[in-house]
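Atom set for the values below is all heavy atoms of this structure, side chains included, hydrogens, waters and symmetry mates excluded. We number each residue from 1, following the sequence as shown.
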Amino acid sequence: MRVLVVGSGAREHALCWRLKLSPNVTDIWVAAGNSGTARIADNVPVSPEDVDGLANLASQLKADLVVVGPEQPLVDGLVDRLAGMAIPAFGPSTSSAQLEASKSFARQVMADAGVPGPDYRVFHDSAAALEFVENHSSPLVIKADGLAAGKGVALCSGPEEAALAVKGCMGDRIFGTAGDTIVVEEWLQGTEVSVFAFCDGERLSAPVAACDYKQVGDGDQGPNTGGMGSFAPPPFWNSYLSEQICRTILEPTVARMAEIGCPYRGMLYAGLMLTSNGPKVLEFNCRFGDPETQVILPLLESDPVEVMQACISGNLAQTPVQWGNRAHVGVVMVSGGYPGAYETGKEITGLEAPCQSTDMARLDADHLIFHAGAAQVTDESGVTRTLTSGGRVLTVVGRGQSIDEARVAAYRKVEQIHFKDARYRLDIGDLSSGSRSGL
């Protein structure tokens with residue numbers, strides 16, 4: 001099969017790596033890719049947000065399968081466009097991608113389906129939103145309704161913080177049109193977990209879980225980012241919790257989406273809080289997560305191509321999905337200044353890693369490296385170097401029989417990689433505080 005992967009991050013590098021291991025795959029192209037995908041696939045200079053360019057590229061390549069990584073091309077209708085060209089694409093349609101593109105839409109679907117979540121209010125007017133939050137003493141979460149690259153959420157401990165968040169979204173428009181509408185939610189307490197399941201419009205696969213770290217600093221301090229690290233599987237994940245989440249959250253949501261004419265096909269990603277009153281939905285996303293993909297794809301024991309094809313054709317019931325349980329911890333290395341202003345063009349050294357090989361035996365290596373904001377540059381003398389080209393530069397994944405063992409492997413490799421002003425959290429996979437251990 002000839003496969004086109006859309007995206008340029010570590011998630012897409014991980015997708016390419018796992019797809020390359022499928023005996024069904026002969027060729028992989030990536031639009032637009034990075035220095036990591038360039039080593040195992042063919043990068044093509046087409047923007048992941050250029051729907052017309054991507055559709056033309058898929059046609060020119062005679063792609064048998066298109067795998068869409070980021071949310072924006074899904075929201076913009078890439079899967080619909082490819083379906084009209086009879087090109088199979090893994091990912092939800094525009095209407096289904098509203099689960100991520102509009103938090104107010106997602107909350108309405110959940111309310112109609114009886115899916116548990118926080119109390120919430122939707123506001124289209126800043127004056128009404130300010131009046132509400134200024135008279136609400138409990139901690140609140142302010143969310144831009146639309147896509148904001150994972151940064152449109154503010155955790156507010158009191159009215160002053162909440163008012164600033166409302167003004168930032170709706171007044172200063174720091175997230176552009178994504179903040180024209182906001183959702184104000186109660187601040188849930190508990191253990192946060194990301195749950196992923198393949199879906200064919202009616203049926204769901206066995207889910208897999210991971211925990212991620214959104215804030216830039218140790219101890220969950222500082223502003224939100226696109227993700228600073230993750231680990232899988234969580235120590236609290238078990239068959240009872242998996243069944244409970246499927247029964248009360250995933251299955252009712254998928255059923256409701258089908259009822260309203262938006263059958264969901266692709267990877268359904270639920271961000272959940274495990275509260276004292278049971279699991280509740282923080283948000284839905286319509287694709288593989290980043291950085292969670294880097295720690296869950298190595299757990300996928302089934303052929304990803306067969307699973308994706310089953311989702312597209314509606315035959316997931318005949319395609320069992322098996323997940324392993326080996327521990328994985330992913331540490332994201334970022335450019336100095338991220339998520340604010342940062343410089344690029346810094347040389348990266350110490351990158352040798354098994355994910356640059358497609359030998360199945362290398363699945364047993366104790367670490368993997370997935371590139372994101374990194375690019376290969378060849379100088380006039382013919383020497384090729386890898387330079388930073390973005391905020392999140394690499395995800396270094398350690399593997400082991402326990403989270404602690406995987407964490408040691410990850411940081412051992414992180415310490416061998418160097419670029420100027422590199423930054424990373426030191427507490428990824430550290431369960432001693434209990435905040436992500438389920439205690």
Side-chain angles (χ1 to χ4, degrees), residues 3-20 27-50 53-54 57 61 66-73 149-151 216 225-229 288 290-291 293-294 297 330-358 367-397 413-414 416-424:
V3 179
L4 171 62
V5 174
V6 176
S8 300
R11 165 182 51 209
E12 287 74 34
H13 187 183
L15 282 165
C16 285
W17 169 77
R18 188 61 188 87
L19 287 163
K20 192 86 171 182
D27 302 281
I28 301 182
W29 292 268
V30 192
N34 55 48
S35 55
T37 60
R39 303 185 185 210
I40 58 174
D42 293 317
N43 288 349
V44 185
V46 176
S47 169
E49 298 185 7
D50 180 1
L54 293 168
L57 177 63
L61 295 175
V66 177
V67 180
V68 187
E71 60 273 20
Q72 193 64 58
K151 301 170 187 175
V216 71
T225 71
M228 294 297 293
F288 285 96
D290 188 345
T293 298
Q294 295 89 291
L297 272 188
V331 179
V332 176
M333 301 183 71
V334 303
S335 298
Y338 175 84
Y342 54 84
E343 296 181 353
T344 59
K346 313 299 184 183
E347 183 172 7
I348 310 169
T349 59
L351 284 176
E352 295 72 19
C355 66
Q356 294 159 9
S357 166
T358 56
H367 72 273
L368 303 164
I369 300 174
F370 297 113
H371 298 205
Q376 286 185 332
V377 177
T378 303
D379 61 25
E380 295 178 354
S381 61
V383 176
T384 298
R385 298 180 299 155
T386 303
L387 307 180
T388 64
S389 62
R392 289 194 294 174
V393 178
L394 306 163
T395 302
V396 181
V397 178
K413 186 59 188 175
V414 165
Q416 297 171 5
I417 298 172
H418 304 282
F419 56 90
K420 187 179 179 182
D421 298 326
R423 299 287 186 272
Y424 51 89

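- The line from CZ of R39 to CG of L351 is 6.0 Å long, rounded to the nearest 0.5 Å.
- Residue-environment remark: CD (Q416) exceeds the threshold of 12 foreign heavy atoms within 6.0 Å.
- Here the CG-CD distance, from N43 to E12, works out to 11.5 Å after rounding to the nearest 0.5 Å.
- Residues V332 and Y424 share a closest heavy-atom pair of O-CB, 3.4 Å.
- The shortest heavy-atom contact between S335 and G390 is OG-O, 2.8 Å.
- Put simply, the side chain of T225 gets close to the backbone of G227: a donor and an acceptor are under 3.5 Å apart.
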Under the side chain to side chain contact (heavy atoms under 4.5 Å, CB included) rule, what do M333 and R423 come out as? Steps first, then yes or no, please.
-> CA-CA 6 Å; M333 301 183 71; R423 299 287 186 272; over 6 Å; no
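- No donor-acceptor pair under 3.5 Å is formed between the side chain of K346 and the backbone N or O of D421.
- For the pairing with S35, the side chain to side chain donor-acceptor pair (under 3.5 Å) check across R385, H13, H371, Q376 returns one residue only, H371.
- Side chains of T344 and T388: no donor on one and acceptor on the other come within 3.5 Å.
- Across every non-hydrogen atom of S8 and P48, the tightest pair is OG-CG, 3.8 Å.
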Going through the distances and angles, do W17 and L368 end up as a side chain to side chain contact (heavy atoms under 4.5 Å, CB included)?
-> CA-CA 10 Å; W17 169 77; L368 303 164; 3.9 Å; yes
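- Rounding to the nearest 0.5 angstrom, the gap separating the CZ atom in F370 from the OG1 atom in T293 is 10.0 Å.
- Looking only at distances, a side-chain donor or acceptor of N34 sits under 3.5 Å from a matching main-chain atom of G9.
- Residue D379 holds its CG atom at 7.5 Å from OG1 of T384, rounded to the nearest 0.5 Å.
- Taking every heavy atom of both residues into account, A374 and I348 meet most closely at CB-CD1, 3.9 Å.
- At least one donor-acceptor pair under 3.5 Å links the side chain of R392 to the backbone N or O of G226.
- In this structure, A31 and L54 approach most closely via the heavy-atom pair CB-CD2, 3.6 Å.
- Distance check: R18 CZ to L297 CG gives 7.5 Å after rounding to the nearest 0.5 Å.
- The shortest non-hydrogen separation linking V30 to A41 is CG2-CB, 3.8 Å.
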Given the rule in the side chain to side chain contact (heavy atoms under 4.5 Å, CB included) test, do I28 and I40 qualify, once you have shown the distances and angles that lead to the verdict?
-> CA-CA 8 Å; I28 301 182; I40 58 174; over 6 Å; no
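- Taking CG of L15 as the reference point, atom OG1 of T37 lies at 11.0 Å (rounded to 0.5 Å).
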